[in-house]
Amino acid sequence: MAKKSTGKHSKTQKIKDLEANRVDYDNSAMTTNQGLKVNDTNNSLKSGERGSTLLEDFLLREKITHFDHERIPERIVHARGSGAHGYFELTKSIKKYSKAGIFNDTERKTPVFARFSTVAGSKGSPDLARDVRGFAVKFYTEEGTWDLVGNNMPIFFIQDAMKFPDLIHSVKPEPNNEIPQAASAHDTFYDFVSHTTETLHNHIWAMSDRAIPRSLRMMEGFGIHTFRLINDKNESHFVKFHWKPKLGAHSVTWDEAVKINGADADFHRRDLWEAIDAGHFPEWELGIQVVPEADEHKFDFDLLDPTKLIPEELVPVEIIGKMVLNRNPDNFFAETEQVAFLPGHIVPGIDFTNDPLLQGRLFSYRDTQLSRLGTPNFHQIPINKPITKVHNNERDGHMQMDIPKGQGAYFPNTLMGGCPHLNAMADGGFTHYEERIDAKKIRGRSESFSDHFSQPALFYRSLSDWEKEHVAGAYSFELGKCTQKHIKERMLWLINKINNDLALTVAKNLGLEIPKSIEEPINQAIGADADVEKHQPGDAKNYLDKDEALSQANTKFDSIETRQIAVLVANGFDMKAFKKMKSLLEDEGAMLKLIAPHGGTVKCSEAMDHEVDAAISTTESVLFDAIYIPGGKDAIKKLIDTPKYTKFLNEAFKHCKAIAADDEAEDLIDNTFIKDYKDDGAVFINEKPKAFRDAIAKHRYWKRRDVAAKVPA
Ligand code: HDE
């Protein structure tokens, strides 16, 4: 008789299971991997003091062999990433749409592990590359693990998985010389993009500020594909998943990004780590856009097409829960590097659609883990272990960590009491949604995927003026780095079909004309995608003028939590003004850093020593959100005599940041480009700290940008 197991164990037990493999090295004696106590790890075994090393040295061999095999293949894409632990809480049950426990039970706190990544660069590439960011979340739910493996942009470059290797080969460093690292600004990428018009939507997002986020904590996230939610009556609704950051979605400028990569290549990784370490836990709301089955064909685009978003003007996002990241990993390799996300990890109540990109991903991710982690037992690595019990007849393989008991491993059986037994749907057994299919087998693409231009144009129309300028700057930079004229001209021709003003600006910057037509003999040879006319929107397709949600000008601007404020000080700085500013800003979670002409400590006007956070020679203004200079005659004189402070201030002004100066600090301002712009809306001389605080919350003072462009920093 089959014995039924519930597969459940207590919540605390689950957390314990997850943490069971953490090794604490406090007060521990050094041993070999066999537990033998070691008495020397600095010297190899030699034949005499100056003699050769002996083969007998098993301690040397164990240490070196392990070292030789420390690396595993980095991810083919998304190699550079940072992760954190946390939890998900449902704030509103959506039982009517989904039977998933995680979507029904508002009492549950589901453990999660999130990993954020860039796509194109290698593991050691800098954080501020212009790139899409991965936004992958592993939910350890009571019904099994659910992975939502998304990005920080709501659409993808291609419509069919078959093209993914081509896309990635084109953006990766060129194969002859392996240049450039972590950059899309090169010929092969634009050769591909300009001949694959379905990429244009994700591409214009990648040209926008979204591709250079201020912080991983200030990015939106998207599941991209349309998924299904299945309720307990087995009814299906289409769904898109959204992550909305509590701190709003903010970005840096391209000039900053380039400089940050030099000043601190780990800027995003460090920012995430430090925020969690300081108890400022990153938080996102989870939202859903739900479309009933009956409305599947109501839109001007196909819900199965991953290059299209559902405008929030048409289907609002309903907030249903929140994710908080509250614990840094103990070990980067064991957790962040070895975590394996699979879009195929779903739980009852969530199901796939026929999106042809999603379908391909369902194959790719398991396959990639086999070569990356090297074993089909990768689910046994602690970070990948579900918190539910695992029972099946899969056995053996490299690195089997479990010791399965019993006489057999097959189904059906009587010798093991029929176990592991199957689960009926009513007992939580996963059953696929029974979608009706009546079709011909074809290798092709649906006509409903053919409009490649409406949504890039909608995106551009929805941006604020400053965002549009950044997009034009990005196209100009990227195409300016290409060497092939025919590729640049073809891109101009396509950009012109998205927006004429944009194309004119980019053409001017490139010193080229927008071509009236493109005649390329290879069009025929490279296939239907090159036939741009086929992918034009009809007039009726301009279904919306703008979608507010697409612009970061409409994000949240209320908080200064975790904003980095550089405080420029030298011996004798005015403690009174500083104290007031510090308490106002720190009370709201901002982080003040003292930047002095030297390291060590600095004395204030009240003769107290203060720990310096960075000597001016070791830091740059691009690493901060705003600058404050307290007064103090001697201190300001010293700052004026140290030229890097002038550069620091000019650059912050150029990047439209808020700057506050008290009393004598005005003399330092008078030593910079800012001296003629002291009435600028985000420069505060002897004003109340509150105004400075409000300007920091606004992120940037974009009204300054015409003046800022003239700063020679
Ligand atoms: Fe991925 N992708 N991808 N991708 N992807 C991988 O899996 C792949 C796609 C995304 O932090 C790989 O574990 C194919 C869309 C993220 O570990 C690989 C296709 C989206 C991550 C892979 C896509 C993503 C990956 C490499 C086209 C957004 C990092 C290592 C069909 C919805 C997850 C690995 C992490 C990683 C394949 C398209 C997001 C090679 C074939 C669309 C966030 O399996």
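Whatever order the structure lists them in is the order used to number ligands and atoms, beginning at 1.
Residue Gly150 places a heavy atom under 4.0 Å from ligand 1.
Compare Asp160, Asn152, Asn151 by their heavy atoms: the one nearest to atom 28 (C) of ligand 1 is in Asn151.
Close approach to Thr368 involves these atoms of ligand 1, each under 4.0 Å from a residue heavy atom: 7 (O), 13 (O), 30 (C), 34 (C), 40 (C), 44 (O). Below 4.0 Å from some heavy atom of Ala161 lie the following atoms of ligand 1, by number and element: 31 (C). Applying the 4.0 Å criterion to heavy atoms of Leu357 picks out, from ligand 1, the atoms 27 (C), 31 (C), 42 (C). Atoms of ligand 1 lying under 4.0 Å from any heavy atom of Phe341, numbered from 1 in the order shown and given with element: 11 (O), 17 (O), 33 (C), 35 (C).
A donor-acceptor pair shorter than 3.5 Å can be found between the side chains of Thr562 and Arg217. At a cut-off of 3.5 Å, with distance as the only test, a side-chain donor of Glu467 or Ser551 sits close to an acceptor on the other residue.
Of all protein heavy atoms, the one lying nearest to atom 13 (O) of ligand 1 is Gln369 NE2, 2.8 Å. Of all protein heavy atoms, the one lying nearest to atom 17 (O) of ligand 1 is Arg75 NE, 2.7 Å. What sits closest to atom 11 (O) of ligand 1 on the protein, heavy atoms only, is Arg115 NH1, 2.6 Å.
What you find for Ser236 and Arg228 is that their closest heavy atoms are OG-NH1, 2.7 Å. For the residue pair Ile346 and Phe352, the shortest heavy atom distance occurs at CD1-CZ, 3.4 Å. For Ala334 against Ile383, the heavy-atom pair with the smallest separation is O-CG2, 3.6 Å.
Contacts of Glu283 classified as side chain to side chain contact (heavy atoms under 4.5 Å, CB included), with partners at least two apart in sequence or in another chain: Lys246, Lys322, Val324. Applying the salt bridge (charged side-chain N to carboxylate O under 4.0 Å, His left out) rule to Asp305 yields the partners Lys308; only residues at least two apart in sequence or on another chain are considered. Checked against side chain to side chain contact (heavy atoms under 4.5 Å, CB included), Asp160 has the following partners two or more places apart in sequence or in another chain: Met162, Pro356, Arg445.
In summary, of the residues considered (Trp243, Phe135, Phe88, Phe241), a ring-ring contact (aromatic ring centres under 6.0 Å, His included) with Trp284 occurs for Phe135 alone.
If you look at Ile224 next to ligand 1, the close heavy atoms, those under 4.0 Å, all belong to the side chain.
Ionic pairing of Lys172 and Glu178 is not present here: no N-O contact between side-chain nitrogen and carboxylate oxygen is shorter than 4.0 angstrom.
Around atom 1 (Fe) of ligand 1, the protein atoms of type N, O or S that sit closer than 2.8 Å are Tyr365 OH.
Stacking of Lys109 on the aromatic ring of Tyr87 is recorded, both the 6.0 Å distance cut-off and the 45° axial limit being met.
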